[in-house]
Amino acid sequence: MITQVKFVSIPVKDQQRALEFYTQKLGFQVKTDQPMGPGQRWIELSIPGAQTGVVLFTPPGQESRIGTFFNGSFATADVEKTYEELKARGVEFVQPPKKESWGTSAIFKDPDGNQFVLSSLG
C-alpha cells in the first residue's frame with residue numbers, strides 16, 4: 001500500500017538558479033542531480049527532518065506552471081522565527097506572518113515567482 005508522498009515537483013525555468021535558492025536559502029539538500037533528457041536535469045532535494053522531498057523539474061509542455069501558486073504548504077515549528085531567518089537570507093515574502101484561528105502562515109516566493117505558504121505545525 002501507499003506509505004507516503006515521496007516528492008512533489010516544483011516547476012522552474014532555470015534549474016541551476018533554483019538549485020542554489022533551495023539549497024543556499026532554504027537549506028534543502030541534494031539527493032539526486034543527474035541529466036534527464038536534452039537540456040534538463042533531474043534534481044531531487046530532501047528537506048532536513050522530513051520524509052517528503054521536492055523535485056526541481058518542469059516536464060515538457062508544463063512550462064505554464066512556472067511562477068504559479070504551489071498547491072501545498074511548507075511547515076515549521078515557528079513561522080515568525082523562520083520568516084526572520086529566511087528574510088535575512090534574501091528570501092522574498094509576499095505576505096509576512098499572519099495569525100489566524102487555525103495557526104500562523106506567511107507566503108514567500110522563489111526566483112521563478114512560484115509562491116509557497118509557510119505555516120505552523122499542527
Side-chain angles (χ1 to χ4, degrees):
M1 296 303 299
I2 297 172
T3 59
Q4 70 183 34
V5 173
K6 182 177 178 182
F7 58 77
V8 295
S9 179
I10 297 174
V12 297
K13 187 177 289 187
D14 182 329
Q15 288 182 298
Q16 185 60 40
R17 180 180 66 184
L19 177 61
E20 291 167 7
F21 174 82
Y22 286 91
T23 57
Q24 296 172 13
K25 303 226 187 233
L26 300 186
F28 295 3
Q29 299 169 340
V30 177
K31 189 172 181 180
T32 303
D33 184 352
Q34 60 187 345
M36 173 95 174
Q40 289 246 41
R41 292 155 51 195
W42 181 258
I43 303 173
E44 190 172 337
L45 305 176
S46 61
I47 301 169
Q51 291 183 319
T52 302
V54 299
V55 172
L56 306 176
F57 180 78
T58 306
Q62 298 294 310
E63 294 81 8
S64 64
R65 294 178 49 220
I66 298 170
T68 61
F69 198 85
F70 180 73
N71 191 19
S73 177
F74 289 116
T76 182
D78 187 331
V79 173
E80 289 89 356
K81 181 180 177 187
T82 302
Y83 165 80
E84 292 298 336
E85 290 174 2
L86 294 179
K87 194 171 176 189
R89 292 182 193 173
V91 175
E92 183 181 349
F93 280 80
V94 296
Q95 177 192 299
K98 184 177 178 183
K99 291 186 180 189
E100 302 283 353
S101 60
W102 51 266
T104 303
S105 68
I107 300 173
F108 68 92
K109 65 182 186 175
D110 71 7
D112 284 308
N114 296 307
Q115 292 188 25
F116 304 89
V117 172
L118 175 66
S119 65
S120 52
L121 294 168

Peer 1: Scan residues 26-50 for pairs that pass side-chain hydrogen bond (donor to acceptor under 3.5 Å, both in side chains), counting only residues two or more places apart or in two chains.
Peer 2: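 Found Q16-R41, D33-R41, W42-E44.
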Peer 1: Under the side-chain hydrogen bond (donor to acceptor under 3.5 Å, both in side chains) rule, what pairs show up with a residue in residues 74-85, not counting sequence neighbours?
Peer 2: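 Residue pairs with at least one partner in residues 74-85: T76-T82, Y83-K87.
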Peer 1: If a pair satisfies side-chain hydrogen bond (donor to acceptor under 3.5 Å, both in side chains) and one of its residues is in residues 48-61, list it, with sequence neighbours excluded.
Peer 2: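 Output for this query is empty, none listed.
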Peer 1: So S105 and V79, do their side chains get closer than 4.5 Å, heavy atoms only?
Peer 2: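 No. Closest side-chain heavy atoms not under 4.5 Å.
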Peer 1: Could you report the tightest heavy-atom contact between A106 and P97, atom names first, then the distance?
Peer 2: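 Closest approach of A106 to P97: CB-N, 3.8 Å.
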Peer 1: So if you build clusters from Ile, Leu, Val, Met, Phe, Trp, Tyr with side-chain heavy-atom gaps below 4.5 Å, do V30 and V12 land together?
Peer 2: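 Yes, it is one cluster - the side chains of V30 and V12 are joined through contacts under 4.5 Å.
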Peer 1: Any link between V91 and L56 through a network of hydrophobic side chains (Ile, Leu, Val, Met, Phe, Trp, Tyr) touching at under 4.5 Å?
Peer 2: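 Same hydrophobic cluster.
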Peer 1: Would you kindly confirm whether V94 and L118 end up in one hydrophobic cluster when ILVMFWY residues are joined by side chain heavy atoms under 4.5 Å apart?
Peer 2: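 Different clusters.
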Peer 1: Side-chain heavy atoms nearer than 4.5 Å, only ILVMFWY residues, links allowed to pass through others: does that put I10 and F108 together?
Peer 2: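 Result: yes, single cluster for both.
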Peer 1: What residues, two or more places apart in sequence or in another chain, satisfy side chain to side chain contact (heavy atoms under 4.5 Å, CB included) together with F28?
Peer 2: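 Applying side chain to side chain contact (heavy atoms under 4.5 Å, CB included) to F28 gives Y22, L26, L45, I47, V54, F74.
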Peer 1: For residues 89-114, which residue pairs qualify under salt bridge (Lys or Arg N to Asp or Glu O under 4.0 Å), counting only residues two or more places apart or in two chains?
Peer 2: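 Listed once each, the pairs are R17-D112, E92-K109, K98-E100.
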Peer 1: Please list, one pair per line, the donor and acceptor atoms closer than 3.5 Å that link side chains of residues 61-70 to other protein atoms, with sequence neighbours excluded.
Peer 2:
| unit_1 | atom_1 | unit_2 | atom_2 | d |
| --- | --- | --- | --- | --- |
| E63 | OE1 | G61 | N | 3.0 |
| E63 | OE2 | G61 | N | 3.4 |
| T68 | OG1 | R65 | O | 2.7 |

Peer 1: Spell out, yes or no, whether L86 and L121 are grouped together once hydrophobic residues are joined by side-chain heavy atoms under 4.5 Å, including indirect joins.
Peer 2: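 Cluster IDs for L86 and L121 differ.
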Peer 1: When you measure from the side chain of S9 to the backbone N and O of F57, does any donor-acceptor pair fall under 3.5 Å?
Peer 2: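 Yes; judged by distance alone, with no hydrogens or angles, the pair exists.
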